[in-house]
Amino acid sequence: MNNQLFSGTGSLSRFILRRDRIRIPIWILSFVFATVATAVAFIGLYENAQERQAIAATMENPAMTAMVGPGYGLANYTSGAMMAHQMLLMTAVVVGLMSVLLVIRHTRTDEEDGRIEMVRSLPVGRLSNVAATLLVLFLVNIVLAVLTGISLYALNIESMELEGSLLYGAALGATGMIFASLTAVCAQLSHNARSAMGLSIGILLLAYIVRAIGDVGSEAVAWLSPLGWIVRAEVYVNNIWWPVLLTVGAAIIFGALAMYLNSIRDLGAGFLPARAGKVHASPLLLSPIGLAFRLQRTGFIAWAISMYVLGASYGSVMGDMESFFADVDLMQDLLVPMEGFSLVEQFVPTLMAVMTIIATIPVLMAILKVRGEEKNDRIEHILGRAVSRNRLLGSYLLISLIASFVMISLAGLGLGTVADAVMEEGFDVAMAYQAALAYLPAVWVMVGLTVLLIGWLPKLTGFIWLYLSFSFFVIYLGSLFQLPEWVEKMTPFGYVSPIPLEEFDWLQATVLTAVAILLIVVGFVGYNRRDIGS
């Protein structure tokens, strides 16, 4: 009986690898390259122990702990300890996102598109597709772990020994595994791909927030998040393997749960019931923009709440950070050259950059929804009525632009209002809000690039996520490690004024907005000229 449930798993696994023969290598090589490049950059930036200890002092504060995790080995901040402290968690989050996207693609999306029903008409087991998807994702993360570990060790950097390098890679791989399994569970709970995607990314974001709160305030709370487990492996410091093994064990358990749920679930259904619709449709659904918003309403609200909570979680540690700075002479010596700004204000641009790039995810999801509807052969039904292509694409574009304003605004207000409440001397909420809105033109450029791909290269729209991941690493590394300016200029986020440290650059913002408009116009031209569905 068990063999029948899993029959054909090997063939389906090879089929998944065949479908993603380009996508998977790009993901893996991107992570390995970014990790190796960062390790090499550290050597060039901090050439001796004195420089490393100086940066260690700047990292030992609540805001940075919330962002990158607790600092193990700060007393002896070797190159390895620095690499694990400042890069492991952030890289793990993106690895988790990779697993979420790939699992949804081969489970709920295929089921929604009718491909799973066709596969099940063949001599394959009921659990073969879920098992094959998890098998491939586990294999992908194992390859990622091995290549990352070997590449780090091959650099022959002092303090980056073989065991620590392999543990670094294993921590990344284990993170990918557990979020692959959690996503597989979400695919069984949700009744469509959109809901499964939103729930999975929400869990990833919640895991990051819970870990941040726990790392700053309570060790017990941090252990509620799988991201809290992997940072406690103390890579390159004490090299503790059992947190990583715990993560892999949890991934296997959640994977088994996903397969059990799949075995008792009807094809096309979900365990979380879909709310029954109204007897009479809302007049809003008579317009393309009303339909587009209705399709994304739940995800829009969930992301809006999440962005405010993320901003509030960073704002909640501002009071502790100010007292930390006051007690550490070295911190004041290092940061006092920024004349006219408080020590806390100097961290606002870094926090805002990270939150803005996270906020860009739902913005891009909003505009990419039109491509998803096209792939599911639902766009033709709308265009068959008195609806132009410009009006259809414009509806999704408008929702995306509204989402950019709402998500960034809530992140900035969350940071500012909570920081103002916890800091004795208060915090400039308006400044935090302005710092957030300064990123709007850069986000619009990302939207413009997406529209351009939808219009001219619809099959390559997935590459916008790789570019966003690249932007995250560049901006994160650029703000913390002083990367060359030309590297930051490879992404639109590198042209944003770091308020409050600099005045808002109206010319720069105008140029970014103009570029975004140009990309959007060219994208609309392509969308009107190409065949829908091709």
Side-chain angles (χ1 to χ4, degrees), residues 15-34 94-95 97-106 108-110 112-113 115 136-137 140 193-194 197 201 292 296 357 360-380 383 389-390 392-397 399-401 403-404 442-474 490-493 515-534:
F15 180 58
I16 291 173
L17 290 172
R18 176 72 174 79
R19 288 176 63 190
D20 286 349
R21 63 189 181 278
I22 297 177
R23 181 179 278 103
I24 288 176
I26 288 177
W27 274 111
I28 294 176
L29 293 177
S30 297
F31 284 121
V32 174
F33 174 79
V94 186
V95 171
L97 179 62
M98 172 197 72
S99 293
V100 168
L101 296 174
L102 291 177
V103 170
I104 293 295
R105 167 178 164 82
H106 293 291
R108 201 74 223 193
T109 299
D110 279 354
E112 192 173 343
D113 293 345
R115 284 189 283 267
V136 169
L137 263 294
V140 167
R194 184 181 70 253
M197 178 76 76
I201 294 179
Q296 305 179 71
I357 294 179
T360 306
I361 295 175
V363 174
L364 297 182
M365 289 174 65
I367 186 63
L368 285 171
K369 181 63 179 175
V370 69
R371 174 57 183 162
E373 293 295 292
E374 179 183 349
K375 289 195 296 184
N376 292 330
D377 298 325
R378 290 193 282 263
I379 289 296
E380 291 92 334
L383 294 178
R389 295 192 183 193
N390 286 337
L392 176 66
L393 182 58
S395 299
Y396 287 89
L397 173 63
I399 292 174
S400 180
L401 296 177
S404 67
V443 177
W444 293 339
V445 172
M446 296 296 294
V447 173
L449 285 171
T450 307
V451 174
L452 182 70
L453 291 173
I454 292 173
W456 293 94
L457 301 169
K459 293 183 179 181
L460 300 181
T461 51
F463 283 96
I464 196 66
W465 297 115
L466 287 176
Y467 186 54
L468 183 63
S469 300
F470 167 78
S471 299
F472 175 81
F473 279 110
V474 167
M490 295 177 67
T491 169
F493 297 99
V515 170
I517 293 174
L518 177 62
L519 292 172
I520 290 172
V521 170
V522 175
F524 268 75
V525 171
Y527 192 71
N528 279 278
R529 296 182 62 177
R530 73 173 175 84
D531 293 334
I532 297 297
S534 300

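This is a predicted model, so every value here is computed, not measured. Keep in mind that the numbers below use all heavy atoms, side chains included, and drop hydrogens, waters and symmetry copies.
- Under the 4.5 Å side-chain criterion, counting only non-hydrogen atoms from C-beta, Arg371 is in contact with Lys459.
- Crowding of Leu460 atom CG: a count of heavy atoms from other residues, nucleotides or ligands under 6.0 Å exceeding 12.
- Atom CZ of Phe33 sits about 11.5 Å away from atom CZ of Phe473, to the nearest 0.5 Å.
- Leu449 pairs in a side chain to side chain contact (heavy atoms under 4.5 Å, CB included) with only one of the listed residues (Ile454, Leu519, Ile520, Val515), which is Leu519.
- Annotation for Glu112 and Ala193: closest pair OE1-N, 2.8 Å, computed over non-hydrogen atoms.
- Under the 3.5 Å distance criterion, the side-chain polar atoms of Trp456 are matched with a main-chain donor or acceptor of Val522.
- Looking at heavy atoms from C-beta onward, Val451 lies out of side-chain contact with Tyr527 at the 4.5 angstrom threshold.
- Shown here for Pro492 and Ala442, the closest heavy-atom pair between the two residues is O-CB, 3.6 Å.
- No side-chain heavy atom of His106 sits less than 4.5 Å from a side-chain heavy atom of Val136.
- For Val521, the side chain to side chain contact (heavy atoms under 4.5 Å, CB included) partners at least two apart in sequence or on another chain are Ile517.
- In this structure, the side chains of Val103 and Arg108 stay at 4.5 Å or more apart for every pair of heavy atoms.
- For the pair Leu364 and Trp465, the minimum side-chain heavy-atom distance is below 4.5 Å.
- From Asp110, atom CG reaches atom CD1 of Ile104 across 11.0 Å, with rounding to the nearest 0.5 Å.
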*Is there a salt bridge (Lys or Arg N to Asp or Glu O under 4.0 Å) between Glu374 and Arg389 once you walk through the steps?*
CA-CA 12 Å; Glu374 179 183 349; Arg389 295 192 183 193; over 6 Å; no
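- The two residues Thr491 and Tyr467 have their closest heavy-atom pair at CA-OH, 3.3 Å.
- At a threshold of 4.5 Å between non-hydrogen side-chain atoms, the residues Leu101 and Trp27 count as touching.
- Taking every heavy atom of both residues into account, Val363 and Ala403 meet most closely at CG2-C, 3.9 Å.
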*asked:* For a side-chain contact (heavy atoms from CB on, under 4.5 Å) check, start with the C-alpha distance between Phe493 and Val445, then their side-chain angles and the critical distance, and finish with the verdict.
replied: CA-CA 9 Å; Phe493 297 99; Val445 172; over 6 Å; no
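- For the pair Glu373 and Lys369, the salt-bridge criterion is met [side-chain N within less than 4.0 Å of a carboxylate O].
- In this structure, Asp20 CG and Phe15 CZ are separated by 10.0 Å, a value rounded to the nearest 0.5 Å.
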*asked:* Run Met365 and Ile201 through side-chain contact (heavy atoms from CB on, under 4.5 Å) and show every step you take.
replied: CA-CA 12 Å; Met365 289 174 65; Ile201 294 179; 4.3 Å; yes
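- Side chain of Arg21 to backbone of Arg18: a donor-acceptor contact under 3.5 angstrom is found.
- Listed for the Thr461 side chain is no donor-acceptor partner under 3.5 Å among the backbone atoms of Leu453.
- Between Ile532 and Leu383, the closest heavy-atom pair is CG1-CD1, 3.9 Å.
- Between Leu102 and Arg23 the shortest side-chain heavy-atom distance falls below 4.5 Å.
- Ser395 OG to Ile367 CD1: the interatomic distance, rounded to the nearest 0.5 Å, is 9.5 Å.
- Rounded to the nearest 0.5 angstrom, Met98 CE and Leu466 CG are separated by 11.0 Å.
- Considering only heavy atoms from C-beta on, Ile464 comes within 4.5 Å of Leu368 through its side chain.
- Closest approach of Ser400 to Val447, counting heavy atoms only: OG-CG2, 3.6 Å.
- From Leu468, atom CG reaches atom CD1 of Ile357 across 6.5 Å, with rounding to the nearest 0.5 Å.
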